Amino acid sequence: MDKNNKSIAIYPGTFDPLTNGHISIVRRALDIFDTVVLAIAIDTPKTPLFSLEERVEMAKTVFENKPRVIVESFSGLLVDYVEKKGAKVILRGLRAISDFEYEFQMALMNRRLKRDVHTLFMMTDYKWLFTSSSIIKETVNAGGDVQGLVPEPVWLKLKERFNL
Ligand code: COA
């Protein structure tokens, strides 16, 4: 809860790009939290295809009609950002057992860094079990159609980037 007693969940990620799987997690989280902050990481171990500005712009366009979703970028430690936002919850989506080890590691590291910040996992809807940002990019790069797996503004941007 923040100072105004509003519940906030911070949903961090690279979002390179945002997929319908991510959106499904945000939608469902809005049933539980007053505000969901989609926090796009500047410091990520990945080498993103889209610049930070592009990732933020795409996400802002997608959520422009959802006033309870805030899109921001953050740098440095996630737990410090969570604290700065007056939040206590990090939200992550879990798809399969393969996600578990990495997510468990991150959750434990974040808990070690700040004990009063909690990681909450939501199971991904079965419709998005097989998707990931990487497989989307790989498919489009090879000329495949991923409409229905990503929101329209992301699909347009992917087509532009891969000259489809
Ligand atoms: N539906 C579809 N795909 C999903 C999904 C869902 N519900 N949930 C996750 N994914 C996919 C993503 O598309 C992504 O795929 P990719 O690996 O092919 O890119 C992957 O699962 C997870 O990516 P994402 O959700 O974007 O998170 P991330 O693992 O890239 O984010 C940070 C990692 C940014 C949260 C982490 O590096 C961080 O906190 N950085 C800040 C620095 C810090 O504090 N570090 C210490 C933390 S331990």
Side-chain angles (χ1 to χ4, degrees), residues 8-33 36-60 62-63 69-85 87-142 144 146-151 153-155 157-158 161-162:
I8 304 177
I10 307 291
Y11 184 25
T14 309
F15 302 112
D16 183 49
L18 185 74
T19 69
N20 284 348
H22 294 125
I23 293 171
S24 158
I25 297 283
V26 171
R27 286 219 181 99
R28 289 159 59 206
L30 286 172
D31 285 342
I32 306 169
F33 296 95
V36 175
V37 179
L38 191 94
I40 305 186
I42 297 173
D43 305 312
T44 162
K46 297 173 183 171
T47 308
L49 168 72
F50 293 108
S51 70
L52 177 71
E53 291 70 28
E54 289 174 311
R55 284 177 281 143
V56 169
E57 192 195 313
M58 281 187 272
K60 281 195 168 161
V62 168
F63 292 115
V69 180
I70 295 167
V71 176
E72 281 188 1
S73 60
F74 75 99
S75 62
L77 277 180
L78 173 63
V79 287
D80 289 342
Y81 172 76
V82 171
E83 191 172 55
K84 207 173 78 198
K85 299 302 291 179
K88 292 217 173 295
V89 174
I90 295 170
L91 178 68
R92 295 286 291 171
L94 268 188
R95 286 164 306 170
I97 298 169
S98 51
D99 282 344
F100 182 78
E101 201 172 327
Y102 169 61
E103 292 296 336
F104 196 33
Q105 252 185 337
M106 276 207 300
L108 289 182
M109 177 57 84
N110 285 328
R111 183 160 161 74
R112 185 180 183 277
L113 292 167
K114 262 192 209 340
R115 283 197 76 76
D116 59 349
V117 169
H118 306 283
T119 304
L120 189 83
F121 293 102
M122 289 184 87
M123 298 308 292
T124 296
D125 195 303
Y126 72 93
K127 282 184 279 187
W128 319 114
L129 253 186
F130 67 100
T131 66
S132 73
S133 301
S134 302
I135 204 158
I136 295 277
K137 287 180 281 191
E138 195 185 322
T139 306
V140 182
N141 189 27
V146 296
Q147 282 182 92
L149 298 176
V150 293
V154 171
W155 168 235
K157 196 90 187 160
L158 281 165
R161 184 56 53 95
F162 290 108

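In this text, all values refer to a predicted model and were calculated from it rather than measured experimentally. Just follow the structure's listing: the first ligand is 1, and inside any ligand the first atom is 1.
Distance from atom 45 (N) of ligand 1 to its nearest protein heavy atom, with residue and atom name: Leu77 CD2, 4.4 Å. Protein heavy atom at the shortest distance from atom 1 (N) of ligand 1 is Gly21 CA, 3.1 Å. The protein non-hydrogen atom at the shortest distance from atom 40 (N) of ligand 1 is Asp43 O, 3.5 Å. Summary of contacts: the protein heavy atom closest to atom 34 (C) of ligand 1 is Ala41 CB, 3.4 Å. The protein non-hydrogen atom at the shortest distance from atom 30 (O) of ligand 1 is Thr14 OG1, 2.5 Å. Nearest to atom 15 (O) of ligand 1 among the protein's heavy atoms is Ser133 N, 3.4 Å.
Residues Leu49 and Lys137 come closest through the heavy atom pair CD2-CD, 3.7 Å. Across every non-hydrogen atom of Trp128 and Ser24, the tightest pair is NE1-CB, 3.5 Å.
Near Phe15, meaning under 4.0 Å from any of its heavy atoms, are these atoms of ligand 1: 26 (O). For ligand 1, the atoms lying closer than 4.0 Å to a non-hydrogen atom of Asn110 are 47 (C), 48 (S). Remark: ligand 1 atoms within the under-4.0 Å shell around heavy atoms of Pro45 are 37 (O). Residue contact check: Ser134 has heavy atoms under 4.0 Å from atoms 16 (P), 18 (O), 19 (O) of ligand 1. Atom numbering of ligand 1 starts at 1 in the shown order; those under 4.0 Å from a heavy atom of Gly76 are 41 (C), 42 (C). Within ligand 1, the atoms closer than 4.0 Å to a non-hydrogen atom of Thr19 are 2 (C), numbered from 1 in the order shown.
Nearest residue to atom 39 (O) of ligand 1 from Thr124, Leu78, Ile23, Thr131 is Leu78 (criterion: closest heavy atom). Counting only non-hydrogen atoms, the option in Lys46, Met123, Arg28 that gets closest to atom 20 (C) of ligand 1 is Lys46. Looking at Met109, Met106, His22, it is Met106 that brings a heavy atom closest to atom 36 (C) of ligand 1.
The closest side-chain heavy-atom distance from Val69 to Leu30 is below 4.5 Å. The closest side-chain heavy-atom distance from Leu38 to Ile70 is not below 4.5 Å. At a threshold of 4.5 Å between non-hydrogen side-chain atoms, the residues Ser133 and Phe15 do not count as touching. The shortest side-chain heavy-atom distance between Arg55 and Leu52 falls under the 4.5 Å cut-off.
Proximity of Phe74 to ligand 1 is established by a heavy-atom distance of less than 4.0 Å.
Annotation: side-chain hydrogen bond (donor to acceptor under 3.5 Å, both in side chains) contacts involving residues 97-115, sequence neighbours excluded, comprise Asp80-Lys114, Glu83-Lys114, Arg92-Glu103, Arg95-Asp99.
Here the side chain of Thr124 pairs a donor or acceptor atom with the backbone of Leu94 at under 3.5 angstrom. Asp43 places no side-chain N or O within donor-acceptor distance of the main-chain N or O of Ser75, the cut-off being under 3.5 Å. Judged by distance alone, the side chain of Thr14 and the main-chain N or O of Asp16 form no donor-acceptor pair under 3.5 Å.
The pair Arg161-Glu54 meets the salt-bridge criterion, since a charged nitrogen lies less than 4.0 angstrom from a carboxylate oxygen.
Summarising the local packing, CD1 of Ile135 is surrounded by 12 or fewer heavy atoms from other residues, nucleotides or ligands at distances under 6.0 Å.
Remark: ligand 1 and Arg95 share an N or O pair separated by less than 3.5 Å (distance only, no angle test). At least one N or O atom of Arg92, backbone or side chain, sits closer than 3.5 Å to an N or O atom of ligand 1. In terms of polar-atom proximity, defined here as any N/O pair under 3.5 Å, Tyr102 does make such a contact with ligand 1.
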